[in-house]
Novice: 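Mind looking over this structure? Questions follow.
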There are 2 protein chains.
Amino acid sequence: MNERPLQEPTLLLLTALADEPRHGYGLIQEIDAISQGRVRMRTGTLYGALDRLVQQGLIRVEREEVVDGRARKVYALAEAGRDVLAAETERLRAVVAEAERRLAARRAHAIRPKGALA
Amino acid sequence: MNERPLQEPTLLLLTALADEPRHGYGLIQEIDAISQGRVRMRTGTLYGALDRLVQQGLIRVEREEVVDGRARKVYALAEAGRDVLAAETERLRAVVAEAERRLAARRAHAIRPKGALA
DNA sequence: CCTATATATATCAGCGACCGGCATATACTG
DNA sequence: CAGTATATGCCGGTCGCTGATATATATAGG
């Protein structure tokens with residue numbers, strides 16, 4: 001099992017699947033929206049990542065369908081993926097909070113608030 | 001210029017330098033503390049990353065000193081590094097908030113089996 | 001009719017950050 | 001004198017991501 005921290009494209013993929021199942025191309029657009037256009041998921045990243053995440057059991061192929069003569073694969077977040085995403089966001093939230101606290105502390109000329117970490 | 005999102009070891013490195021300058025080995029311990037022992041920065045990652053970050057202008061060698069007969073290089077966060085860290089934390093905070101919102105939204109209309117807790 | 005764009009999936013070579021191991025050196029403790 | 005802590009550094013290998021390329025259908029514009 002791989003316990004390495006998720007990279008951002010993977011994190012965004014799981015996030016985009018957190019509320020409802022989506023197909024590959026839809027994920028590209030969804031991630032574009034989530035990140036306010038700052039992240040454009042490449043197809044090389046996307047389809048490789050989808051295969052890998054299915055392999056790891058974090059997502060699954062919900063169904064395959066044909067819309068307007070074009071084939072789609074719809075992916076859904078699996079239970080394991082939900083757990084990983086929840087744990088990852090909680091961990092990241094702590095890191096972000098710590099970074100912001102340190103940046104603020106530095107601006108205040110190293111005056112440390114009570115309870116600051118070593 | 002590299003505008004790719006920071007990976008976590010790099011993010012933690014900049015975070016650990018955000019309040020005050022530190023030397024390499026001290027950063028390993030600091031990151032261990034920040035992450036509550038969950039991330040153990042490897043020396044292979046550390047010294048390679050430090051060189052790279054100096055090269056990119058995100059950090060700088062503040063000074064070199066000898067303590068107890070052991071040589072140290074003390075690194076400090078550069079202005080560019082401060083900007084990158086601030087931008088990165090803000091971006092990550094938005095992604096984390098979005099992920100948590102979606103996870104909550106899913107729970108709100110999901111059919112939960114009896115006695116099952118997330 | 002032809003071309004361009006949007007939709008949609010898939011593969012692959014290459015890059016770069018990270019990992020794990022190894023090497024080197026000093027100081028302290030048992 | 002061996003082991004642990006401090007302290008820096010190199011290097012081969014792994015693996016996710018990038019950018020390019022390929023394939024195919026539907027729609028809009030010239």
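All values reported here derive from a predicted model rather than from experimental measurement. Chain letters run A, B, ... following the sequence lines, proteins first and then strands; every chain starts at 1.
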Novice: Please state how far atom CZ in B/R52 lies from atom P in D/dC10, giving the value in whole angstrom units.
Specialist: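 From B/R52 CZ to D/dC10 P: 15 Å.
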Novice: When you measure from every atom of DNA chain C, which of residues 27-46 of chain A have a heavy atom less than 4.0 Å away?
Specialist: A/Q29, A/T43, A/G44
Novice: Measure from OH on A/Y47 to P on D/dT23 and round the result to the nearest Å.
Specialist: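 Interatomic distance, OH of A/Y47 to P of D/dT23: 17 Å.
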Novice: Considering every strand and a 4.0 Å limit on heavy-atom distances, what is the contact class for B/R70: base, sugar-phosphate, or nothing?
Specialist: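 Result for B/R70 = base.
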Novice: Just compare D/dG9, D/dC17, D/dA7 and give me whichever is closest to any side-chain atom of B/H23.
Specialist: D/dA7
Novice: Taking atom P of C/dA8 as reference, at what distance in whole Å does atom CG of A/L50 sit?
Specialist: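 Rounded to whole Å, this separation is 14 Å.
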Novice: Which sits closer to the 5' end of DNA chain C, A/A71 or A/G48, going by the nucleotide each is nearest to?
Specialist: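 It is A/A71 whose nearest nucleotide is closer to the 5' end.
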Novice: I need the B/R40 CZ to B/I28 CD1 distance, nearest 0.5 Å.
Specialist: 12.0 Å
Novice: Provide the closest heavy-atom pair for A/L46 versus A/G24 in the form atom of the first, atom of the second, distance.
Specialist: CD2-O, 3.3 Å
Novice: Quick one: does A/T45's side chain have a donor or acceptor within less than 3.5 Å of a partner on A/M41's backbone?
Specialist: no
Novice: Between atom CG in B/L53 and atom C1' in C/dA17, what is the gap in whole Å?
Specialist: 11 Å
Novice: From the list C/dT9, C/dC19, D/dT6, which nucleotide is the closest neighbour of the side chain of B/Y25?
Specialist: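 Nearest to the side chain of B/Y25 among the choices is D/dT6.
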Novice: In this structure, how many angstroms lie between the P atom of D/dC15 and the CD atom of A/Q55, rounded?
Specialist: 13 Å
Novice: Using modelled atom types and a 3.5 Å cut-off, is there a donor and acceptor pairing between side-chain atoms of B/E88 and backbone atoms of B/L11?
Specialist: no
Novice: Counting only side-chain N and O atoms of B/T10, is one of them less than 4.0 Å from OP1 or OP2 of C/dA17?
Specialist: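 No.
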Novice: Let me know the distance between CD of A/Q7 and C1' of C/dA17, rounded to the nearest Å.
Specialist: 8 Å
Novice: For B/L77, run the side-chain contact (heavy atoms from CB on, under 4.5 Å) check against B/L58, B/L17, B/L13, B/T15 and tell me which one passes.
Specialist: B/L17
Novice: Measure CD/A/E65 against P/C/dA8 and give the value in whole Å, please.
Specialist: 9 Å
Novice: Determine the minimum heavy-atom distance between B/R91 and A/V39, stating which atoms define it.
Specialist: NH1-CG2, 4.3 Å
Novice: Over how many whole Å does the gap from B/D68 atom CG to D/dT4 atom P extend?
Specialist: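 Computing the B/D68:CG to D/dT4:P distance gives 21 Å.
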Novice: Is a side-chain N or O of A/R72 found less than 3.5 angstrom from the main chain of A/V67, in a donor-acceptor match?
Specialist: no
